Amino acid sequence: MKAAKAFFLKALKTQGRAPVSITLDGYAASHRAVRELPAVSPRWKDTRLRSSKYLNNMIEQDHRGVKSRINPMLGFKRFDCAAVTISGIELLHRIRKGQFNLSRLLVKGHAAPAIWNAVLLA
């Protein structure tokens with residue numbers, strides 16, 4: 001529970017505001033930590049707690065792209081190679097989801113290679 005509470009407090013500190021809702025699975029320590037957060041900081045009082053083991057599937061499914069590229073490679077031999085490859089895959093997912101700000105890159109085409117080259121040059 002101590003680790004879960006520390007995680008949520010760190011998230012509040014980095015984001016600057018409490019989330020509207022938090023979806024957790026059935027792990028009791030996380031639920032207890034979220035219920036005790038309003039006593040630590042009043043900004044947590046409006047946060048809604050949802051409990052479902054299926055609502056976080058979208059986040060879990062996000063790792064499938066990484067797994068599908070790593071499995072044929074039979075893993076990695078060095079940590080730094082793994083870090084670079086995984087960060088590139090994650091960047092591609094951010095671009096595809098529209099989570100990467102492309103406005104200042106002045107991309108001419110909207111095709112993936114043009115966007116990818118502009119991001120790598122930035």
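What you see is a predicted model, and the numbers here were worked out from it, not measured in a lab. Index from 1, following the sequence.
- Side-chain atoms of V40 and L9, non-hydrogen and from C-beta on, do get closer than 4.5 Å to each other.
- Annotation for F7: atom CZ does not count as buried by contact number, only 12 or fewer foreign heavy atoms lying within 6.0 Å.
- Between the side chain of R43 and the backbone N or O of L12 there is no donor-acceptor pair closer than 3.5 Å.
- Of the inter-residue distances, the one linking H31 atom NE2 with R50 atom CZ reads 12.0 Å to the nearest 0.5 angstrom.
- S30 contributes no side-chain N or O that, together with a main-chain N or O of A4, makes up a donor-acceptor pair within less than 3.5 Å.
- Although no hydrogens or angles enter the test, the distance criterion places a donor-acceptor pair under 3.5 Å between the side chain of T14 and the main chain of A11.
- I22 and P19 make their closest contact through CG1-CG, 3.7 Å (heavy atoms, listed as atom of the first residue, atom of the second, distance).
- When all heavy atoms of K5 and A33 are compared, the closest pair comes out as N-CB, 3.8 Å.
- The heavy-atom pair separating W44 from F8 by the smallest distance is CZ2-O, 3.3 Å.
- One finds the OG1 atom of T47 at 9.5 Å from the CZ atom of R17 (value rounded to the nearest 0.5 Å).
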